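Structure first, commentary second.
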Amino acid sequence: MITDHRRSGHKLMNQINVVPYIDVMLVLLVIFMVTAPLVNPGQIELPQVGKTSAPPVQPLEVSIRTDKTLWLRDRAQGADEKKVTRGELVKMVREKQKANPEQAVVIAADKDVRYEAVLEVMDTLQQNQVKKVGLLAKPRGG
């Protein structure tokens, strides 16, 4: 009989009482809900830039026709297109960029020109330290 009493008195507890944890979580939730509106979000003060007196420089436009001929036009001067060779193109672009380093160069190719021809012109310009080389495209629907 003594062993039966002991077994029933020292029964192992295999359940966790979660009520205290729930109480703690509710208290934390209330604290965060009360303090969240009081916290000011970080604000960034951006530097201000004055307007420049000079408008941006119009780019040099290199056109590649379907027969792979190269044409150069200086939009800044409003000049007409001039047929050039690769050597003349590099020389003229570098001269114009020496006078105005901010002037970009855009490549406008006919849509039937092979992609390889466009890359060759772009590679030639970049190998000759021509800065700001880009592609000119017509927007869709326009």
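What you are looking at is a predicted structure, and each value in this text was computed from that prediction instead of being measured. Excluded from the calculations below are hydrogen atoms, water molecules and symmetry mates; all remaining heavy atoms, backbone and side chain alike, are included.
Applying the salt bridge (charged side-chain N to carboxylate O under 4.0 Å, His left out) test to every pair with at least one member in residues 84-94, sequence neighbours left out, gives these pairs: Arg86-Glu120.
Glu81 CD to Thr69 OG1: the interatomic distance, rounded to the nearest 0.5 Å, is 9.5 Å. Going from atom NZ of Lys132 over to atom CD of Gln126 covers 14.0 Å, rounded to the nearest 0.5 Å. Atom CG in Leu89 sits 8.0 Å away from atom OG1 in Thr124 (nearest 0.5 Å). Remark: Met92 CE to Thr85 OG1 distance equals 10.0 Å, nearest 0.5 Å.
Hydrophobic side-chain contacts under 4.5 Å tie Leu119 into a cluster, directly or through other members, with Tyr115. Using a 4.5 Å cut-off between side-chain heavy atoms of Ile, Leu, Val, Met, Phe, Trp and Tyr, Ile22 falls into a hydrophobic cluster with Ile16, Val18, Tyr21, Leu26.
The shortest distance between side-chain heavy atoms of Gln97 and Glu102 does not fall below 4.5 Å. Put simply, the side chain of Val133 does not reach to within 4.5 Å of the side chain of Val62, judged on heavy atoms. Side-chain contact between Lys82 and Trp71 is absent, with no heavy-atom pair separated by less than 4.5 Å.
One hydrophobic cluster holds both Val118 and Leu60 under the rule that ILVMFWY side chains link at heavy-atom gaps under 4.5 Å.
For Glu95, the salt bridge (Lys or Arg N to Asp or Glu O under 4.0 Å) test picks out no residue, with sequence neighbours left out. Every side chain to side chain donor-acceptor pair (under 3.5 Å) that Asp123 has, sequence neighbours left out, goes to Gln127. Scored by the side chain to side chain contact (heavy atoms under 4.5 Å, CB included) test, Asp110 finds Thr66, Asp112, Val113 as partners (sequence neighbours excluded).
With no hydrogens or angles considered, a side-chain donor-acceptor pair links Asp74 and Gln103 at under 3.5 Å.
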